[in-house]
Every structure is written in structure tokens, then in C-alpha cells.
Amino acid sequence: MKAAEVLDNLKLRFPGEKEYHQAVQEVLESIEDVYNEHPEFEKANLIERLCIPDRIVSFRVTWVDDSGAVRTNMGYRVQHNNAIGPYKGGIRFHASVTPSILKFLAFEQTFKNSLTTLPMGGAKGGSDFSPRGKSNAEVMRFCQAFMLELWRQIGPDTDVPAGDIGVGGREVGYMYGMYKKLTREHTGTLTGKGLDFGGSLIRPEATGYGNVYFLLEMLKTRGIELRGKTVAVSGSGNVAQYTVEKLIELGAKVVTMSDSDGYIYDPDGIDRAKLDYIMELKNLYRGRIREYAEQYGVKYVPGGRPWGEKCDIAMPSATQNELTGDDARQLLANGCIAVSEGANMPSTPEAIDAFQEAGILYAPGKAANAGGVSVSGLEMTQNAQKLSWTAEEVDRRLHQIMENIHTQCAKYGMRPDGSIDYVKGANVAGFMKVAQAMMAQGLV
Ligand code: NDP
């Protein structure tokens, strides 16, 4: 297999899907050597079968807004690979959603889920519907209309969706309600459910907490303490909020958060009371991060991203390609020693190259943000057993899984000088398990 040739071929067959090409390129380049040590993989054309999703379902979603106007959006589910377990991956509601974005996310999810050691395949879904500015009733009607199509594709042992950008507890609840109505079954088909109807404790916290646990493992390899470090976080949604919560608990100083309109810089650090304000602002009132700057009299940069602010650690937790090569160089110039990705593919290839060349600790999202899907996997287990674990139990397992992912990255990504290439480590570890499962199951 020549990574460049496979990629050129995929670009010809799927033109214009730039996010998908970007994600595939990163993985192919890092697994090329290992893949070529296995001639049986090449004979089975494993690489194309692994890069191209098993299936993509697309459908129109029709719903009625509060003024009585009939609206349409597109809905999708990309079922990428189910070699090691049922398809599993979130649903994204955002105006920017395209098949290319969902294909990149489903591809990444396959390797991430493999890394968790839990039996989950990879998928992703979503719609170009944006909940921003919509009333609660509109969001409910949209979620119901979306599920009216999606329910045929999913099931507890087939495909288990969850949340992502624009899909939190509220949206999962509405989708689950409709799913239950249509199937007349109360099963664990969605994760991220409310605690009263099958949700798991620590699921909302899992991605953010997991990212901090992974960061701790990375810092440990260099004998560095988290306490007292200055951290720049982007985003102010689910992942960002719980990343900041854990960072505060462990004594780090978080100086930035953002949304799609801009970022705030708080030189004194976001403390528990200020984070409570953000959580209420974002989760209850669905307000803008600008309001934090007004409330606490700090700097707000409209249209900006936080990477120009001085920090020791950066944790991008908003969206893909939100940290460019220039941003990376700025972070490095300001003395940044670690980057741990809460979002999926937030760093551009140029930014990743800059981090790798500088030799700082750099963890790609598929390793660092795998805590979310891990606890989703634990939610599936609890649903199947019809019981609930305590928060301490789930958190303990989450901790263990993140440590385990770090160990796998070290196993496959150790450089001759003893440092760890987390990109290579995560990609190779994730790939090998899926590849072996696919080989064992024949040409299906
Ligand atoms: P949320 O919708 O809760 O929050 C997303 C945040 O990112 C918001 O602050 C949002 O701002 C901001 N944002 C979204 N799009 C853009 C954009 N184009 N430019 C700038 N800012 C943007 O989503 P999550 O916190 O759940 O997800 C964040 C990231 O983490 C995504 O990459 C997701 O794929 C990834 N992830 C999420 C997991 C989870 O468990 N939820 C698991 C693993 C990864 P605004 O409010 O203005 O839209």
C-alpha cells in the first residue's frame, strides 16, 4: 500500500470532501509501515474497505417552525465500520454539517472506539439543522421528524447514536422519546440519555474529564505537574465546560473559553463560581460567551480564537480545523508545552506538524477525547444489565480506560529517544484491532 496512491484514488472517487480526505491522510501516513508488514492485508484490499464507509443513509427532514412555515433539512447517518461491535457515534446538528464532515467523523470514530477497548464500531450522523436561535418546541419537532427516518437504521445491537455539537441532553431526550414511541421498546439505543431513563452518571462529564486524565498521563511522562499551569480552552459547550471543571478541581488556571462568535480572556482564571455562570448561561439561557466578558469585566475578542494568549497548555474543544499552523506557531512561541484535543480534528495538518517538530506533548482527539464514547459504552453495558453504577464507579472506569489508551499510544508510538508520537500510537493501535477483526470475518 502506498498511502499517497490510496489517497489520490479516494480524492478522485469522492471529490471535494476535504475534511474526509484530511482525516484519511493523517491515518494512512501513520499506519503505512505497519500495514505493509502484513501482505495479507493488501491481498484483502483492507485499506479501501477500511477507508470507505459500509453505508451512508441520507434523508430529507421536514418540520414546521413556530410561524407555521414548513422547513426542510438534510439528515444523514454514516455507518462506517462494525467489525468490532455495533456502529456507535454521535449526532451533530449544525448548519455546517455535510457528508464530508460526517464521513471524517465516522472514520475517526472507528479508530477511537477501537482504542477504548470496548466492543464498538464507528459511525456518525447529523443534520444541517442548527438549534441556535430555535425555540424549545421547534427543536422538539425537528428531533422527532429526524427520528421518524433514522429509527429504521438503528438499534441496541445495530447502531447506537449519541450527542455531539448541537446535540446535548435535551436533543437526545426528544430523539429517544420518538424512537421509543415508534419501536414500542425501551432499549439502550441512544446514549447520553437523562439519568431517569437509562442514562449513565458521568456521561456529560466524560469527554472533558477524560481529556484531562489523558493530559495528566502525558505530563507524567515528563515529570510535569498540572497544578499551577495556565490553560487555554476553546469552546464553551459540553466538552469545554467539563474540561474546565476538572482543570479547576486539579488546580490549573483556565484563562480562555470561546464560542462561534469570539473568545474571552480572563487573566485571573475562571473559577468555580464563574464556571457555574457559564454553565447556566450556555445550558439554560443558551446565551453567548460575550456576556461573560460583560459580567466580569474582562477582554472579549469578537471573531477571534484564543491561541494568541499566553498559556502552558492548550485544549481545543470546539470544532474541526480551529487551530491553524499560524496558531500553533504562536502557541509555541508563547511557551506552550502540551496540546490535548477535546474536539475532533481541531488542529490542521500544518499545526500538527509544528507541534510534532517542536517535540511538545501533542494528543490527537481520537485518543484524548475518547472518554465520551467510553462512558457511552459503559451506559450501553448498564442498560443491557438493567442496572446503574455509582458516579465513583463510572469515573474509576473512565480513568482506567484513559490510562489504558495512553499505554497503547506509548506501545505503538514510542520514538527512539523515548518520547511518544501520540498520532502514530493512536492510529496504529486503533487500526490493528479493527484490521484483525476484519480479516477474521472474511469479505463482508
Ligand atoms: P457543543 O455543541 O456542546 O459545543 C460546541 C462548542 O463549540 C460551542 O461553544 C460552539 O459555539 C463552538 N463551536 C461550534 N462550531 C464552531 C465553529 N464552527 N467555530 C467556532 N466555534 C464553534 O458540542 P460538544 O462540546 O459536544 O463538542 C465539541 C467538540 O468535541 C466537537 O468537535 C465534537 O465532535 C467533539 N467531541 C464531543 C464529544 C461529546 O461527548 N460531546 C465526544 C468527543 C468529541 P456556539 O455555541 O456559538 O455554536
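Order of appearance sets the numbers: ligands from 1, and atoms from 1 within every ligand.
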Protein contact to [atom] [nearest heavy atom, distance to 0.1 Å]:
| atom | result |
| --- | --- |
| atom 48 (O) of ligand 1 | Ser260 OG, 3.5 Å |
| atom 39 (C) of ligand 1 | Thr207 OG1, 3.4 Å |
| atom 31 (C) of ligand 1 | Ala318 O, 3.3 Å |
| atom 23 (O) of ligand 1 | Ile165 CA, 3.4 Å |
| atom 17 (C) of ligand 1 | Thr319 CG2, 3.4 Å |
| atom 33 (C) of ligand 1 | Asp164 OD1, 3.1 Å |
| atom 37 (C) of ligand 1 | Val239 CG2, 3.4 Å |
| atom 4 (O) of ligand 1 | Gly237 CA, 3.3 Å |

Check each atom of ligand 1 against the heavy atoms of [X] and keep those under 4.0 Å away; list them by number with element.
| X | answer |
| --- | --- |
| Gly342 | 30 (O), 35 (C), 36 (N), 44 (C) |
| Ala343 | 29 (C), 30 (O), 32 (O), 35 (C) |
| Arg203 | 40 (O) |
| Gly235 | 9 (O) |
| Arg288 | 45 (P), 46 (O), 47 (O) |
| His94 | 15 (N) |
| Arg92 | 31 (C), 32 (O), 33 (C), 34 (O) |

Axial cation check for Tyr76 ring with Lys103, 6.0 Å and 45° limits: no
cation_pi(Lys274, Tyr296) dist<6.0 Å, angle<=45: yes
What part of [X], side chain, backbone, both or neither, has a heavy atom within less than 4.0 angstrom of ligand 1?
| X | result |
| --- | --- |
| Ser317 | backbone |
| Gln320 | neither |
| Asn344 | both |
| Ser258 | backbone |

Not counting sequence neighbours, which residues clear side chain to side chain donor-acceptor pair (under 3.5 Å) with Ser135? List them please. Asp66
By side chain to side chain contact (heavy atoms under 4.5 Å, CB included), which residues pair with Ala429, not counting sequence neighbours? Leu115, Gln408, Tyr412
Under 3.5 Å, is there a donor on one side chain and an acceptor on the other for Tyr209 and Glu245? yes
Could you check whether Asp159 and Gln153, counting side-chain N and O atoms only, form a donor-acceptor pair closer than 3.5 Å? no
With only distance considered, is [X] within less than 3.5 Å of ligand 1 through an N or O on each side?
| X | result |
| --- | --- |
| Asn238 | yes |
| Ser236 | yes |
| Lys124 | no |
| Asn369 | no |
| Gly166 | yes |
| Leu105 | no |

Above 12 or not: heavy atoms from other molecules or residues under 6.0 Å from NZ of Lys424? no
For the pair Phe146 and Trp63, evaluate side-chain contact (heavy atoms from CB on, under 4.5 Å) and give the outcome as yes or no after the intermediate values. CA-CA 9 Å; Phe146 182 82; Trp63 58 285; over 6 Å; no
Show your reasoning for whether side chain to side chain donor-acceptor pair (under 3.5 Å) applies to Lys180 and Thr187. CA-CA 8 Å; Lys180 183 173 60 76; Thr187 61; over 6 Å; no
Should Pro161 and Tyr87 count as side-chain neighbours, where that means a heavy-atom distance under 4.5 Å? no
Side chain to side chain donor-acceptor pair (under 3.5 Å) partner of Arg396, chosen from Glu393, His399, Glu392: Glu393
Minimum heavy-atom distance Met315-Leu247, with the two atoms named: SD-CD1, 3.8 Å
Pair Lys366-Asn427, side chain to side chain donor-acceptor pair (under 3.5 Å): steps then yes or no: CA-CA 8 Å; Lys366 71 167 73 66; Asn427 286 335; 2.7 Å; yes
Does Tyr300 form a side chain to side chain donor-acceptor pair (under 3.5 Å) with Glu294? I'd like the steps, not just the answer. CA-CA 8 Å; Tyr300 171 66; Glu294 288 157 12; over 6 Å; no
May I ask you to decide whether Lys246 forms a salt bridge with Glu249, counting only side-chain N to carboxylate O separations under 4.0 Å? yes
